[in-house]
Amino acid sequence: MLKNELLIEPAQRIASFKPYFFASLAKTIGELKEKGVDVIRIDMGSPDLPPEDFIIDKLAQAAKNKNAHGYTANGGTPAFRQAIAAYYKKRFDVTLDPATETLGLIGSKEGLFHLTQVLINPGDLVIVPDPGYPVYSASTKIAGGEIYTLPLRAENNFLPDFSEIPQPVAQKAKLLWINYPNNPTGATADLAFFESVVEFAQNNQILIAHDAPYVDICYDGYIAPSILQVAGAEKVCIEFNSLSKTYNMAGWRIGMAVGNKEVIKLIHTYKSQLDSSHFGPILEAGITAMEGDQTWLAKRNQVYETRRDIVVKGLLAAGFQLDIPPAAIYVWAKLPPSYSDSFSFCADLLNETGVSTTPGDVYGTMGKGYIRISLGTDTSRIEEAMERLLGWINNK
Ligand SMILES: Cc1ncc(COP(=O)(O)O)c(C=O)c1O
């Protein structure tokens, strides 16, 4: 591995992995910028707007406390876990026991990964949606599990069709991932769908992992539900949520797992072997975010909605096919008929116009022929990106 030094073979669990797509993309973008290209990034789902001032003020004020710099309780302080339970009560009318049914995470991504590690032995089966957030399948591969891919199709509003799952698969699978509002498609699910998921889990003894970081970014009056609103869901479901997108706090690394007690306990046990939890002032500011004024979220969502409309208009004019997303921060669009390969489309678009988008294949084979555009970039830059894209397509 290291030339002329130690020859160390990587462990099998990582050997087949390529670097995370966005890490490679950042390298390419860095090279373009060095050449003077004005790159507009509408690829990554990182909110460009900051949290409201009262949240940042809380962090600054808490950081001044001389006693606030030591380790904090693993999985979040009792006060943070209580704030999670209070948020779930207020937002979804779901009652959670803070000590056993909530867990603070260093961003929800680690929790998704840990869940797989605590449940899946080599050979165990996991049902993963395609397209889907790559961590569901990556964490399964690292655990040595097997993946059954569940396609999300445009004609079914990007919801899975459980009747497609063969009975032996449903009986063998230990874990099923779902994610609504959905990344990358922007699709949403209603309570009736969640009821059918819970029933599927009960009938087949499968744990449902619902990944819900976009639950508070909704448009056109839509309000996204939590799967825990379904009666009995806490027995068969765990839900992941995050302050990253809801409160524009992606870089702060603060999220949560809620639901099934036994699974929360397993993740907590696993996690406490690996990390030493959050910086206390971040937890305090997180509590302030969840307990404080929520009215700014509607204004923030209005900004995303305006951007969504700009992207939708631009893409439709350029010949893409899409459904207008009612939630999340992405527009998922099928390439115009004269193109088929999203990787080469995105690479050419980036190299020739400086506009960086994400090829759909990054989210699975069903993403072939699609691109994903993120709304987490300044509105005027999104406008410019759409102008560049339209001009480029029209000149082809
Ligand atoms: C579907 C989905 N789940 C989980 C995450 C992880 O979010 P975080 O770790 O910032 O809470 C993301 C981030 O983009 C996501 O899109």
Side-chain angles (χ1 to χ4, degrees), residues 20-23 25-26 41-51 75-76 80 84 87 102-116 128-140 150 152 158-160 175-189 208-218 224 226-227 238-259 267 271 274-275 277-278 282-283 285-286 289-290 304 325 327-332 357-358 360 362-364 366-367 372-377:
Y20 201 59
F21 170 77
F22 289 106
L25 183 65
R41 294 199 65 169
I42 47 174
D43 51 76
M44 205 172 180
S46 186
D48 60 313
L49 297 165
F80 181 66
I84 295 174
Y87 160 83
T102 77
L103 187 68
L105 297 171
I106 306 174
S108 61
K109 187 175 179 181
E110 66 144 355
L112 311 179
F113 185 88
H114 296 340
L115 174 68
T116 313
V128 174
D130 179 356
Y133 189 56
V135 180
Y136 317 143
S137 50
S139 60
T140 307
L150 190 55
L152 307 183
F158 298 107
L159 292 168
L175 179 60
L176 163 69
W177 287 97
I178 53 166
N179 158 229
Y180 293 97
N182 184 259
N183 174 13
T185 66
T188 56
I208 303 298
H210 181 224
D211 184 19
Y214 300 101
V215 78
D216 283 319
I217 304 183
C218 301
S226 157
I227 198 166
I238 180 154
E239 184 162 88
F240 294 93
N241 204 330
S242 177
L243 279 70
S244 291
K245 319 284 163 140
T246 296
Y247 300 109
N248 298 347
M249 290 164 73
W252 297 46
R253 310 312 300 132
I254 180 164
M256 67 195 80
V258 293
I267 298 178
K271 200 178 135 50
L274 311 180
D275 73 67
S277 207
H278 305 78
I282 287 184
L283 290 176
M290 287 189 281
Y304 282 138
I329 57 170
Y330 307 106
V331 177
W332 180 246
T357 54
T358 309
V362 167
Y363 302 94
M366 295 294 288
R372 191 196 75 169
I373 288 183
S374 160
L375 306 175
T377 297

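Being a predicted model, the structure only gives us computed values, none of them experimental. First listed ligand is number 1; within each ligand, the first listed atom is number 1.
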Run the numbers for me: atoms of ligand 1, each under 4.0 Å from some heavy atom of [X], listed by number.
| X | answer |
| --- | --- |
| Tyr214 | 1 (C), 13 (C), 14 (O), 15 (C), 16 (O) |
| Ser242 | 8 (P), 11 (O) |
| Gly107 | 9 (O), 11 (O) |

Classify the ring geometry of Tyr180 against His210: parallel below 30°, tilted from 30° to 60°, perpendicular beyond 60°.
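Judged by the thresholds at 30° and 60°, the geometry between Tyr180 and His210 is parallel.
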Worksheet item: Is the Tyr330 ring parallel, tilted or perpendicular to the Tyr214 ring (thresholds 30°, 60°)?
Response: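 Perpendicular.
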*Taking the non-hydrogen atoms of Gly255, is any one of them nearer than 4.0 angstrom to ligand 1?*
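Flag not set, Gly255 not near ligand 1.
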task = Could you tell me whether ligand 1 has any atom less than 4.0 Å away from a heavy atom of Pro213?
result =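 Checking ligand 1 against Pro213, which is what was asked, there is a heavy-atom contact under 4.0 Å.
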Okay, side chain of [X], backbone of [Y]: is any donor-acceptor separation there less than 3.5 Å?
| X | Y | result |
| --- | --- | --- |
| Thr185 | Trp332 | no |
| Thr188 | Pro181 | no |
| Lys245 | Gly45 | yes |
| His278 | Leu105 | yes |
| Ser137 | Pro134 | yes |

### Task
Indicate yes or no: does an N/O atom of Asn179 lie under 3.5 Å from an N/O atom of ligand 1?
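There is no such contact.
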Mind checking whether Arg253 has an N or O less than 3.5 Å away from an N or O of ligand 1?
->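 Yes, Arg253 has an N/O under 3.5 Å of an N/O on ligand 1.
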Practice task
Indicate, as side chain, backbone, both or neither, the part of Glu110 found under 4.0 angstrom from ligand 1 when only non-hydrogen atoms are considered.
Solution key: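 Answer for Glu110: neither.
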(Q) Quick test of your reading of the structure: of Asp211, Ile329, Leu112, Asn241, whose heavy atom lies closest to atom 1 (C) of ligand 1? (A)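 Looking at heavy atoms only, the winner is Asp211.
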Looking only at non-hydrogen atoms, which of Tyr180, Phe240, Tyr133 approaches atom 12 (C) of ligand 1 most closely?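 Of the listed residues, Tyr133 has the closest heavy atom.
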Students should be able to answer this: which protein heavy-atom is nearest to [atom], and at what distance?
| atom | value |
| --- | --- |
| atom 10 (O) of ligand 1 | Ser244 OG, 2.6 Å |
| atom 7 (O) of ligand 1 | Ser108 OG, 3.4 Å |
| atom 13 (C) of ligand 1 | Lys245 NZ, 3.3 Å |

- Task: Starting from the C-alpha separation in whole Å, work towards a yes-or-no answer on side chain to side chain donor-acceptor pair (under 3.5 Å) for Tyr87 and Asp216.
- Result: CA-CA 12 Å; Tyr87 160 83; Asp216 283 319; 2.5 Å; yes
Only counting residues at least two apart or in another chain, list the ones meeting side chain to side chain donor-acceptor pair (under 3.5 Å) with Thr140.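 Expected list: none.
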